[in-house]
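Side chains included, hydrogens not; waters and symmetry mates left out as well; all remaining heavy atoms used.
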Amino acid sequence: MSTEQNRVTTPITADFLRGHLDVEQTAHGLLPHRLPARARRQIPDDRLAVAEAQPSGVRLAFRTRATTIELDALPTKRAYRGFPPPPDGVYDLLVDGRLTAQATVAGGNLLTITDMLTQTAEFTEGPAGTARFADLPEGEKDIEIRLPHTEITEVIALRTDAPVEPAPDSGRRVWLHHGSSISHGSNAPHPSAIWPALAAAAGGVELINLGFGGSALVDPFTARAMRDTPADLISVKLGINVVNSDAMRLRAFAPAVHGFLDTIREGHPTTPLLVVSPILCPVQEDTPGPLMPDLDGGTLRFKATGDPAETAAGRLTLTTVRDVLTGIVKQRAAEDPNLHYLDGRDLYGESDHAEFPLPDAIHPGPEGHRRIGENFAKLAFADNGPFAARTC
């Protein structure tokens, strides 16, 4: 039986991390980032600054014989003034690829959003805490600890009842994915349940998730980050944030997508590249943004506030965006056989919405995430799919 006296304390270094693009040394430990420093210097707003620092898809990976594992971490939690605080973020522990235990870290810093529209926030410092996992299987094993997908997390140290060492390279293909809050994992209950993680598990690949809540806005710095990141498979799920933020008109959107794809192709000229259009979202199908919070009824939902008549003047809807993306991929695929298109309604469409409605009118719930992950795996990783394993 382990005791405090025979615990091994291991400071966390970058060698233990997977699914990130950069790390920042803080006063407490390591803060993983999902955009490199160069890109972070170009971020125009706090929304993306917070989103990229939330470690969706980021995990610790190591080998050990330990049966008790403690992770010291400092979370930064986000709450909205006037609403109940969200539950503490979940740390998923996987043993040899199987979800085995879960934990939370109490306390931590608090970022209170005081204005939903401007994202104005108040910051309150708090203490670090510990995620504890006990009674794990005996013997040598591969461990992953998946960090909470919606809590900025500074990882500090591991305490274990046996030595740990960073996991070796798995040898699996690396899937680099970019998308919106749906890809980030909004409304998913824990990090292994976000749809990209579910799809990656089904496809047997290593995930780097660049899903950024509210911030899949065809940003050039994101395209450059993807260009410079080694990957075997790449997907970009574009459109819904452009529509619900009313960020572009038709004239700007199509060239921006071309430029985004051009930049990725500079670093990955022949890598399978899948362009995914938005899933079904009835409030935005034929109504332009901007999207606004709707508090009627006491629960947070969203509604589109644009005028459908203005689509003739270039205002974007999801219907328009899908048409544009279809045309772009068709045009480019004539010279780029490794470029593919997937209609997001094949991941979550009318029948899926009837079975699992969007709880807040824009984000899927846990069942929706599972459905999207299952459908993506079936369509992308199938033997005839764009991400099928190729034999030499």
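- Listed for the T64 side chain is a donor-acceptor partner under 3.5 Å among the backbone atoms of P163.
- The side-chain contact (heavy atoms from CB on, under 4.5 Å) search around S181 returns S186, H363, not counting sequence neighbours.
- Between E70 and R7 there is a salt bridge, with a side-chain nitrogen of the basic residue lying less than 4.0 Å from a carboxylate oxygen of the acidic one.
- Partners of D286 by side-chain contact (heavy atoms from CB on, under 4.5 Å), not counting sequence neighbours, listed by chain and number: T319.
- Side-chain contact check for L94 versus S192: some heavy-atom pair is nearer than 4.5 Å.
- A salt bridge links R59 to E206: one of the charged nitrogens lies within less than 4.0 Å of a carboxylate oxygen.
- Remark: R65 does not engage D161 in a salt bridge, criterion side-chain N to carboxylate O under 4.0 Å.
- Considering only heavy atoms from C-beta on, E52 stays 4.5 Å or farther from Q54 through its side chain.
- Residues satisfying the side-chain contact (heavy atoms from CB on, under 4.5 Å) test with D246, not counting sequence neighbours, are R249, P290, R315.
- Of the charged side-chain nitrogens involved, at least one lies within less than 4.0 Å of a carboxylate oxygen, so that R345 and D343 count as a salt-bridged pair.
- In this view, A134 and T68, R132 satisfy the side-chain contact (heavy atoms from CB on, under 4.5 Å) rule, not counting sequence neighbours.
- When all heavy atoms of L291 and A304 are compared, the closest pair comes out as CD1-N, 3.7 Å.
- Evaluation of the side-chain hydrogen bond (donor to acceptor under 3.5 Å, both in side chains) rule for T263 yields no partner, not counting sequence neighbours.
- Checked by atom type and distance alone, the side chain of K77 never pairs as donor or acceptor with a backbone atom of P75 at under 3.5 Å.
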Anything under 3.5 Å between a donor and an acceptor, one on a side chain of residues 250-260, the other on a protein residue two or more places apart or in another chain? List them.
unit_1: H258; atom_1: ND1; unit_2: R332; atom_2: NH1; d: 3.1

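- A salt bridge does not link R78 to E151: none of the charged side-chain nitrogens sits closer than 4.0 Å to a carboxylate oxygen.
- Between R63 and E140, at least one side-chain nitrogen of the basic residue sits less than 4.0 Å from a carboxylate oxygen of the acidic one, meeting the salt-bridge criterion.
- Remark: the N241 side chain and the S180 side chain contain no N/O donor-acceptor pair separated by less than 3.5 Å.
- Side-chain contact between L261 and I328: present, with at least one pair of heavy atoms (C-beta onward) separated by less than 4.5 Å.
- The shortest side-chain heavy-atom distance between T271 and R265 falls under the 4.5 Å cut-off.
- For the pair L274/I234, no side-chain contact is recorded, criterion being any heavy-atom separation below 4.5 Å from C-beta on.
- With hydrogens and angles ignored, the 3.5 Å screen pairs no side-chain donor or acceptor of K141 with any backbone N or O of T67.
- Looking at H33, its side chain never comes within 3.5 Å of a backbone N or O of A53 through a donor-acceptor pair.
- Residues V276 and I194 do not share a hydrophobic cluster, clusters being chains of Ile/Leu/Val/Met/Phe/Trp/Tyr side chains in contact below 4.5 Å.
- Remark: R81 engages E122 in a salt bridge, criterion side-chain N to carboxylate O under 4.0 Å.
- Other cluster members for L110: none, since no ILVMFWY side-chain heavy atom sits under 4.5 Å from it.
- Side-chain N/O atoms of N109 and E125 include no donor and acceptor closer than 3.5 Å.
- When side chains are defined from C-beta on, L342 counts as touching L379, because their heavy atoms get closer than 4.5 Å.
- Counting only distance, with no hydrogens or angles, the side chain of D294 and the backbone of R301 share no donor-acceptor pair below 3.5 Å.
- The side-chain hydrogen bond (donor to acceptor under 3.5 Å, both in side chains) search around R34 returns none, not counting sequence neighbours.
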Would D352 and R371 satisfy salt bridge (Lys or Arg N to Asp or Glu O under 4.0 Å), going step by step from the backbone distance to the final call? CA-CA 8 Å; D352 306 298; R371 178 63 54 83; 2.7 Å; yes
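- With contacts defined as side-chain heavy-atom distances shorter than 4.5 Å, the pair T153/P32 does not qualify.
- Using a 30° and 60° split on the angle between ring planes, W175 and F376 fall in the parallel class, below 30°.
- Counting heavy atoms from C-beta outward, S183 and W195 have side chains that approach closer than 4.5 Å.
- At least one donor-acceptor pair under 3.5 Å links the side chain of N375 to the backbone N or O of L347.
- A donor-acceptor pair is defined here as one N or O able to donate and one able to accept, closer than 3.5 Å; no such pair exists between the side chain of H149 and the backbone of S56.
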Residues 217-229, side-chain donor-acceptor partners within the protein, below 3.5 Å, at least two apart:
unit_1: R224; atom_1: NH2; unit_2: Q42; atom_2: OE1; d: 2.7
unit_1: R227; atom_1: NH1; unit_2: E266; atom_2: OE1; d: 3.1
unit_1: T229; atom_1: OG1; unit_2: A225; atom_2: O; d: 2.6

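- Checked against side-chain hydrogen bond (donor to acceptor under 3.5 Å, both in side chains), R322 has the following partners two or more places apart in sequence or in another chain: E285.
- Here V58 is tied into one hydrophobic group with I12, F16, L17, V23, L30, L60, F62, I69, L71, Y91, L93, V95, V105, F133, L136, I143, I145, L147, V155, L158, V164, each link being a pair of ILVMFWY side chains closer than 4.5 Å.
- Each ring pair (Phe, Tyr, Trp, His ring centres under 6.0 Å) pair with one or both residues in residues 329-348, not counting sequence neighbours, would appear here, but there are none.
- The cluster map of Ile, Leu, Val, Met, Phe, Trp and Tyr, joined by side-chain heavy atoms under 4.5 Å apart, puts L198 and F381 in different clusters.
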